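Just so we're on the same page: letters track the sequence lines, and every chain starts at 1. Remember, predicted model here, so these are calculated numbers, not experimental data. Computation of the quantities below employed the complete heavy-atom set of this structure, encompassing side-chain atoms and omitting hydrogens, waters and symmetry-equivalent molecules.
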2 protein chains.
Amino acid sequence: MARITIEDVANEAGVSITTVSHVFSGHRPVNAETKQMVEQVAKRLGYRPNAIARSLRLRTSQTIMIVVPDITNSFYPEYARSIQDVIGPAGFHSLLCNTDAREREELAFLEEARSRRLNGVVFVGFRVEPEALRPLADDGICVVNVGGPVPGSTIDSVCFDDRAASAEMTHFVIDRYGSDVALIDGDAEAPVSRHRREGFEDACREAGVPDREMVVLLEEFDRAGGARGMRALLDREVRPRAVVCANDMIAIGAIDVAREEGLRIPEDVAITGFDDVDLATVVTPQLTTVHADGPRLGAEAGRLLLSRMTGEHDGEGRHVVVPHELVVRASA
Amino acid sequence: MARITIEDVANEAGVSITTVSHVFSGHRPVNAETKQMVEQVAKRLGYRPNAIARSLRLRTSQTIMIVVPDITNSFYPEYARSIQDVIGPAGFHSLLCNTDAREREELAFLEEARSRRLNGVVFVGFRVEPEALRPLADDGICVVNVGGPVPGSTIDSVCFDDRAASAEMTHFVIDRYGSDVALIDGDAEAPVSRHRREGFEDACREAGVPDREMVVLLEEFDRAGGARGMRALLDREVRPRAVVCANDMIAIGAIDVAREEGLRIPEDVAITGFDDVDLATVVTPQLTTVHADGPRLGAEAGRLLLSRMTGEHDGEGRHVVVPHELVVRASA
DNA sequence: CTGTTAGCGCATTCAC
DNA sequence: GTGAATGCGCTAACAG
């Protein structure tokens with residue numbers, strides 16, 4: 001129960017703690033016999049180096065924090081896994097943190113990252129401005145924002161061109177089904193939703209839909225939100241011919257109620273998603289959606305972060321846009 | 001860039017570090033004015049207590065580790081989230097760790113937990129015996145194993161009765177479609193798969209299926225594994241009338257290829273899942289499956305862990321079995 | 001090749 | 001009500 005320390009090992013082995021330290025770190029040559037002996041003693045005693053003490057001394061925890069809004073949306077686990085795949089081999093650990101898209105949690109995790117002297121943070125913010133990341137960068141924490149750049153900082157950023165993608169999808173839908181189209185968006189404030197909404201509006205305007213006739217609903221980025229939105233849409237006097245959804249989960253929810261109501265998809269209503277998560281090919285009909293490559297996004301973010309943490313890159317923040325792709329399947 | 005320490009604050013405020021420490025901890029009364037002043041200085045300087053130093057001193061990190069085999073299977077994120085929901089309010093943080101069901105990773109995380117002097121670990125092991133948890137318990141780490149108990153230890157455990165559930169499902173299927181039934185299991189070694197396989201075999205035997213005619217395939221616990229398994233099954237001379245799958249992801253994969261082959265479900269083949277993840281109600285036809293309540297499992301695990309970490313309970317490990325339920329939908 | 005020593009930043013025991 | 005001093009366990013000068 002009383003933890004074995006490096007000192008216990010040193011005493012037992014009859015050497016100094018310095019020697020023990022070095023047999024573990026390899027930072028300086030140690031006599032082969034001594035080394036072996038120390039290793040044996042350590043094993044016998046069940047010694048485990050105290051990572052906390054080491055972190056304190058080294059002033060680095062070799063760990064990063066991955067902040068996501070909803071771990072329940074499979075887009076994020078895949079994305080997170082991909083980050084881990086790139087930073088893990090370099091010897092970094094990671095904390096996966098779920099904010100539920102709440103401002104308080106977002107801020108709390110950011111503070112937490114400072115407290116724990118983390119080496120890096122990859123942040124998907126829904127409530128908090130990217131500006132909130134500046135203090136971290138000032139503390140020397142490497143950060144990449146998933147979203148827009150933070151000018152004049154060392155903060156890197158990665159994103160999809162959500163606005164363009166959403167506009168493309170909307171154009172596609174209008175071409176096929178006419179301008180009687182609605183959007184079920186995911187969230188009033190989150191940057192993603194704003195961008196996807198703007199893209200939708202861009203396309204509508206270009207198609208000559210007057211502003212006042214644009215149908216935009218704000219729900220939540222999940223299946224229940226999609227269901228609510230679809231119900232609201234079906235209650236209207238004129239039902240939309242096509243429904244663009246701000247992500248796949250919403251689209252699934254929309255499909256749920258469309259089918260409940262006996263509507264055929266896409267014959268009666270066309271429905272599109274966004275993200276192209278696994279679910280998209282599980283629903284019937286398979287979702288027409290925007291393929292937003294989560295793993296790719298994560299890998300990109302991981303690479304940026306890693307190059308900064310290793311010191312390979314410093315200076316002004318870089319910005320990379322990950323390409324998306326329209327995937328036309330059966331739902332529209 | 002140079003981190004502000006408690007000493008900086010003390011100097012700037014013209015008090016001792018002891019005082020600063022106490023205004024933050026509240027562990028001893030501090031003159032109201034002094035207190036306010038210190039707080040102001042701290043804010044102005046952007047002081048953040050160093051959690052690492054604190055952990056070293058206090059010998060507790062207030063954090064736990066949640067180890068899962070596949071963060072990409074939505075069962076686990078939901079489960080993990082639920083653990084966090086119970087331990088978070090008590091002031092504990094958590095690390096979510098993904099092993100990809102690999103022995104090396106499982107062991108590495110366990111060691112990691114010891115190194116980091118974590119307060120608790122909730123472990124879902126696929127490769128490593130529960131016995132491997134003993135050293136953690138010996139170190140004073142609170143641990144709950146998701147699976148069987150570890151006799152004579154302070155390790156708590158939670159599980160579903162996988163074997164019974166699997167047998168129930170198999171019985172149900174045999175009742176409906178006859179004894180021409182196959183199992184696509186998920187993994188040769190993992191305890192879950194073993195139990196689900198045993199349940200399947202129990203039921204087959206009871207139904208009079210001779211051992212040598214039992215069809216049991218071992219694939220992986222994911223969609224691709226299910227697809228492979230189903231293809232193998234369809235290549236056989238006599239195709240099974242019903243296919244029991246060891247989890248929902250496998251079942252989805254099986255459905256994918258059944259539909260590709262133009263088979264009707266359940267008219268031509270019945271297919272069942274296990275877990276009842278979100279996907280189960282997204283596929284067509286909706287999955288008949290065993291509802292294994294991930295959030296409930298997590299909550300139970302979290303409760304056990306918390307009661308131990310707070311010292312409310314100590315002594316012999318407790319074991320709780322979370323009830324399951326057969327959910328009959330359209331696929332069988 | 002090995003050991004002594006000085007902190008890393010904080011909480012806390014004594015002493016005042 | 002406040003402060004000085006000690007040590008949590010470890011690494012890395014520095015000094016043999």
Side-chain angles (χ1 to χ4, degrees), chain A residues 1-39 41-42 45-63 91 111-112 114-119 139-140, chain B residues 1-39 41-42 45-62 91 112 114-119 139-140:
Chain A
M1 179 78 190
R3 249 75 163 239
I4 307 295
T5 75
I6 198 173
E7 197 181 347
D8 300 326
V9 178
N11 288 154
E12 184 78 12
V15 299
S16 74
I17 61 170
T18 305
T19 299
V20 178
S21 174
H22 283 107
V23 344
F24 279 95
S25 70
H27 281 357
R28 113 181 164 184
V30 172
N31 177 295
E33 283 178 42
T34 326
K35 181 172 171 180
Q36 204 173 21
M37 194 254 289
V38 168
E39 277 166 349
V41 172
L45 263 40
Y47 170 67
R48 285 264 80 210
N50 183 326
I52 296 175
R54 175 198 237 110
S55 290
L56 181 61
R57 178 64 235 246
L58 261 27
R59 298 148 127 172
T60 169
S61 53
Q62 292 299 101
T63 109
E111 286 302 275
E112 178 74 9
R114 299 218 294 150
S115 279
R116 296 177 86 132
R117 304 316 196 239
L118 263 22
N119 295 74
D139 272 7
Chain B
M1 178 77 191
R3 249 74 162 238
I4 306 295
T5 75
I6 199 172
E7 196 181 348
D8 300 326
V9 177
N11 289 153
E12 183 78 12
V15 298
S16 73
I17 63 169
T18 307
T19 298
V20 177
S21 175
H22 283 106
V23 344
F24 280 94
S25 70
H27 281 356
R28 114 180 162 185
V30 173
N31 178 294
E33 283 178 41
T34 325
K35 181 173 172 179
Q36 203 173 21
M37 194 254 289
V38 168
E39 278 165 349
V41 171
L45 263 40
Y47 170 67
R48 286 264 80 211
N50 183 326
I52 296 175
R54 176 200 233 106
S55 290
L56 181 61
R57 178 66 235 251
L58 262 26
R59 301 155 126 146
T60 168
S61 54
Q62 293 299 99
E112 178 75 8
R114 299 219 291 150
S115 279
R116 295 178 87 135
R117 303 317 194 239
L118 297 184
N119 294 75
D139 272 7

Is a side-chain donor or acceptor of Asn11(B) paired with a backbone partner of Asp8(B) at a separation under 3.5 angstrom? no
Taking only residues two or more places apart in sequence, or in another chain, which ones meet Arg116(B) in a side-chain contact (heavy atoms from CB on, under 4.5 Å)? Ala51(A), Thr63(A), His93(A), Glu112(B), Leu118(B)
Which residues share a side-chain contact (heavy atoms from CB on, under 4.5 Å) with Asn31(B), sequence neighbours left out: Glu33(B), Thr34(B)
Output one letter per nucleotide in nucleotides 6-11 of chain C: B when a protein non-hydrogen atom lies under 4.0 Å from the base, S when only the sugar-phosphate is that close, - when neither is. BBBBBB
Please work out if Ser55(A) contacts a base, only the sugar-phosphate, or nothing of the nucleic acid, heavy-atom cut-off 4.0 Å. nothing
Sorted by chain and number, sequence neighbours left out, side-chain hydrogen bond (donor to acceptor under 3.5 Å, both in side chains) with Ser61(B) holds for Asn119(B)
Applying side-chain contact (heavy atoms from CB on, under 4.5 Å), can you list everything that pairs with Glu39(A), at least two apart in sequence or on another chain? Val23(A), Lys35(A)
For the helix from dC1(C)-dG16(D) to dC16(C)-dG1(D), what angle separates the axis at the start from the axis at the finish, each from five pairs, in steps of 10°? 40°
Between dG9(D) atom P and Asn11(A) atom CG, what is the distance in whole Å? 13 Å
Could you tell me whether a side-chain N or O of Arg59(B) sits under 3.5 Å from a main-chain N or O of Leu56(B), the two making a donor and an acceptor? no
Any salt bridge (charged side-chain N to carboxylate O under 4.0 Å, His left out) pairs touching residues 9-30 of chain B, not counting sequence neighbours? Glu12(B)-Arg44(B)
May I ask you to verify if any side-chain N or O of Thr34(B) is less than 4.0 angstrom from the OP1 or OP2 atom of dG1(D)? no
Would you list the protein and nucleotides 14-16 of chain D atom pairs, both N or O, that sit under 3.5 Å from each other?
none

Heavy-atom closest pair, residues Leu45(B) and Ile4(B): O-CG1, 3.3 Å
Between side-chain atoms of residues 13-21 of chain A and protein atoms elsewhere (two or more places apart, or another chain), which donor-acceptor pairs fall under 3.5 Å?
residue: Ser16(A); atom: OG; partner: Thr18(A); partner atom: N; Å: 3.4
residue: Ser16(A); atom: OG; partner: Thr19(A); partner atom: N; Å: 3.3
residue: Ser16(A); atom: OG; partner: Thr19(A); partner atom: OG1; Å: 3.4

Which pairs, with at least one residue in residues 48-57 of chain B and sequence neighbours excluded, count as a salt bridge (charged side-chain N to carboxylate O under 4.0 Å, His left out)? Glu111(A)-Arg48(B)
